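One structure is given here, and the rest of the page talks about it.
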Protein chains: 2
Amino acid sequence: MVECRQCQSVSEVVKAGFLRGRQRFYCKTCQVHFTVELPAASPQKAARQTTIIDIAKSLGVAPSTVSRALNGSTDINSLTRQEILRVANEMDYRPNLLAQSLHRGETHTIGVVIPNIERPFFAGVLAGIQNVATEAGYRVMICQSNESHSTETLNVQALIASRVDGLLISHSKETTSFEHIRLQLKKGLPIVHFDRVCNEVETAKVVQEDFEGSFALVEHLIQQGCRRIAVCAGPPQLLISQTRLEGYKAALCHYGLPLDDTLIYHTEFKQSESLTALNHWLSLPEPPDGIFAIHYGNAIELLVELKRRKIQIPTEIAVVGFGDELIAELIEPSLTVFHLFPFEMGETAASLLIDNIIHRDTFSLIIKKMRGELRIRKSSMRL
Amino acid sequence: MVECRQCQSVSEVVKAGFLRGRQRFYCKTCQVHFTVELPAASPQKAARQTTIIDIAKSLGVAPSTVSRALNGSTDINSLTRQEILRVANEMDYRPNLLAQSLHRGETHTIGVVIPNIERPFFAGVLAGIQNVATEAGYRVMICQSNESHSTETLNVQALIASRVDGLLISHSKETTSFEHIRLQLKKGLPIVHFDRVCNEVETAKVVQEDFEGSFALVEHLIQQGCRRIAVCAGPPQLLISQTRLEGYKAALCHYGLPLDDTLIYHTEFKQSESLTALNHWLSLPEPPDGIFAIHYGNAIELLVELKRRKIQIPTEIAVVGFGDELIAELIEPSLTVFHLFPFEMGETAASLLIDNIIHRDTFSLIIKKMRGELRIRKSSMRL
DNA sequence: GGCGTTTTCGGAAACGTTTTCGATAGGTAT
DNA sequence: ATACCTATCGAAAACGTTTCCGAAAACGCC
């Protein structure tokens, strides 16, 4: 039936089971197993990018020579290099970064994890990161946690799988455990926290003037004559929420105003929460005469709602918030904010990380605080 | 002086030049060249991610077996798999996507080129892209052209170097030549255009209702009694600018209004250009009684400037624009817009691209048009 | 026990680079 | 010529996977 592949004999060949769907044979004389060949598959080759080997073949030189020509090694004849570069250009050669990275053990890519790319603050940070990274020859890979802890963990794992050289992360509001960070840190991965940082892990960090900004805003309200200042706080587990709340408390304390827990309302950065907060405050026996919103989104919402209810701003209730948005300037009345600089924060974080990547040995653990600016506008100008 | 590496003889060894800084020798008997060994380099090994080989070694099995265990092949004993998975988990194994992609010839990554990540429209598109891509198991790599043609070309090359499986692109306002796109298309790379598309290349496209939206906005102005409608157009080389301008012209024509070129002003999407435009229009013998801004940014700027000059909106001049922004709703007077849905556009573009990647043979060249919505607000309600 | 079969695993090639090592062909002084 | 040297190139290993091929052992059935 079937010829042995080696001795061509037919008589000594016996069947020997199936292997991956194909009949298998055994030649007793040669003592060898084999299967019949499948007809060659589709000769249709998928279009590929040109490789160093393609260039080498077309010129009759070795791949190593081509590599040398492309990488500016001196170990090559200038005529050879010239010719290779010509052909490479002709064939539109683009080095395969996968192969390069695999070989080098570094990708020249940094990973970024943010809660949400649509929030203008984070978009600004991203732009700053890209700016510095591109300048330094690094690529950027962006993941969104969508404010979910499990997604954030998956993001980190995905970036690790892509073998990023370093990690920039701003935590989701859900995140209270930092094992996923600590694990990578232990493996020696450079990590820089920004904005929503945490104290539990030893990384370099870039933060806002959360305490100082809150203090300044509340101080400003007090100076404008407010005596019962409500605060629209963020998720209590988030460190920046806590810090900003402490700034609020410190300002009250500093000016001898009582701390009233009924004036503190925690939100989750969601739509129309500020409405519930407002209802709560207005139902108090002594409603507030000033509101400090940790998040500009809440401040805007409150402004709109107060206007709808025909409550005078700032005379009946003054409003201030953290923020960096154009809208704060354009809305009426314009909103007093502690202005942030997301782009610069992104730049700072990225350059810190890249510095840590390059000088891996002297891993710096500094904490940089970005400067903010109190911008006083109509929503709080009572005097 | 020096022993031959093979025969240990000393007498037959002669110097033979220098090789990369090290003295080279030649043994006449063995006819062999050699250099003296350098002392072994730093034994300090950089921390690495664990590999399949690490797992294999720690269990005494072959790497191929580990691979089988991890990839759910049936060709493996369930106890072996169990043990391998246990160790893999213990060592926090993460597959090296570089190696996987290099082997498979595909990266499961799509590249995105946008003009600017800080523009809320594009941030929204990105979010939509990420949403669909993540769902389909694809990663996303984002580049900004910063409205520069050369940067856009570099972006495309960088993404090609990263061997993305497909490309989503919205052109810079400078881009009038599309060779960088055509080149990749010729190599068989799936490409989908969105928003700022072009007609010169045969790709699938996702566009807005640019013509229809313009027509609807201008029609609305006419119905509100406007008779001299100015248009704040975009960069003339941009296709969407042209299309929106044509919608404007078509509406005028349809309602029998004359076309006046002095009412058309082209901007470059830059700060405070609308000011110059406004000055120009107001200096005309017959100033406009309505303004249509192609870009919401210009519309907002115009609104602010008109207010500053105490020009009544909409009675003296009505304002409308394209846009998707919250700010249009909050500014006073609120802005009438043709509302866009960037998130949905991103989703559509990404699913179109991924479809093209998966069914590479039946490359679909359809053009999808996203639905917009005319949202009438105070800036144009004269009746 | 012999034949046919299945299960389970290892070896090796391949993906596209870079880099190390070594070989060769010419130099240039004696 | 001889001894030493330099310039230029090729071969091969390595990076971490997957996959193809085949081998060995165990299994089933007369």
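Everything numeric in this text was worked out from a predicted model, so none of it was measured. Numbers restart at 1 for each chain; the letters A, B, ... are given by sequence-line order, proteins then strands.
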Consider only side-chain N and O atoms of A/Asn146 and A/Thr151, and report whether a donor and an acceptor are under 3.5 Å apart. no

Starting at CD1 of B/Ile52 and ending at P of C/dA14, how long is that distance when rounded to a whole Å? 19 Å

Using atom CG of B/Leu79 as one end and atom C1' of C/dC9 as the other, report the distance to the nearest whole Å. 14 Å

Relative to the 5' end of DNA chain C, which residue comes earlier, B/Ile76 or A/Ile53, by the nucleotide with the nearest heavy atom? B/Ile76

note: B/Arg94, atom CZ; D/dG16, atom P; distance rounded to Å ~ 17 Å

Judged by each residue's nearest nucleotide on DNA chain C, which is more toward the 5′ side, A/Val66 or B/Ala62? B/Ala62

Salt bridge (charged side-chain N to carboxylate O under 4.0 Å, His left out) pairs touching residues 91-112 of chain A, sequence neighbours excluded, are A/Asp92-A/Arg94, A/Asp92-B/Lys187

N/O (side chain, B/Asn71) to phosphate O (OP1/OP2, D/dT18) under 4.0 Å: yes

Is the distance between the ring centroids of A/His171 and A/His193 under 6.0 Å? yes

Given C/dC9, is OP1 or OP2 found less than 4.0 Å from the side-chain N or O atoms of B/Thr65? no

Among C/dT18, D/dG16, D/dT8, which is the nearest nucleotide to the side chain of B/Ala99? D/dG16

Whether the side chain of A/Asp75 and the base of D/dC9 hold a donor-acceptor pair under 3.5 Å is what I'd like checked. yes

Atom-to-atom span, CG of B/Leu59 to P of C/dT8 - whole angstrom: 17 Å

Can you tell me if A/Arg81 touches the phosphate of D/dT8, counting only side-chain N or O atoms and a distance under 4.0 Å to OP1 or OP2? no

List for me each residue that meets side-chain contact (heavy atoms from CB on, under 4.5 Å) alongside A/Asn356, sequence neighbours excluded, and say none if there are none. A/Pro190, A/Val192, A/Ala204, A/Phe363, A/Ser364

Closest heavy-atom pair and its distance - B/Phe194, B/Ile114: CZ-CG2, 3.7 Å

Categorize B/Thr80 for me: base, sugar-phosphate, or nothing, with a 4.0 angstrom heavy-atom threshold over every strand shown. sugar-phosphate

Report yes if some heavy atom in the side chain of B/Ile129 is under 4.5 Å from a heavy atom in the side chain of B/Ile110; otherwise report no. yes

Considering only side-chain heavy atoms of B/Asn77, which listed nucleotide, D/dT17, C/dC9, D/dT18, is closest? C/dC9

Angle between terminal axes - the helix from C/dG1-D/dC30 to C/dT30-D/dA1, 5 pairs each end, rounded to 10°: 40°

May I ask you to verify if any side-chain N or O of A/Gln100 is less than 4.0 angstrom from the OP1 or OP2 atom of C/dG16? no

N/O-N/O pairs, protein side and nucleotides 12-14 of chain D side, under 3.5 Å:
residue: D/dA14; atom: N3; partner: A/His103; partner atom: ND1; Å: 3.4

Nearest-Å distance, CG (A/Leu98) to P (D/dG16)? 15 Å

Spacing between A/Ile84 atom CD1 and D/dG10 atom C1', to the nearest angstrom: 12 Å

Quick check: any donor-acceptor pair below 3.5 Å linking the side-chain of B/Arg68 to the base of C/dG10? yes

Can you check whether B/Arg163 has a side-chain N or O nearer than 4.0 Å to OP1 or OP2 of C/dC15? no

B/Glu106 CD to D/dT19 P, in whole Å, measures 11 Å

Qualifying residues under side-chain contact (heavy atoms from CB on, under 4.5 Å), relative to B/Ala62, sequence neighbours excluded: B/Ser64, B/Thr65

Counting only side-chain heavy atoms from C-beta out, which of D/dG16, C/dT17, D/dA11 sits nearest to A/Thr51? C/dT17

Classify the side-chain pair A/Ser145/A/Ser148 by whether it contains a donor and acceptor separated by less than 3.5 Å. no

Between atom CG in B/Asn96 and atom P in C/dC15, what is the gap in whole Å? 18 Å

Can B/Thr50 and B/Asp54 be counted as having a side-chain donor-acceptor contact under 3.5 angstrom? no

Do the side chains of B/Gln82 and B/Arg86 get nearer than 4.5 Å, heavy atoms only? no

Those residues that, when tested against B/Thr134, pass side-chain contact (heavy atoms from CB on, under 4.5 Å) (two or more places apart): B/Gln130

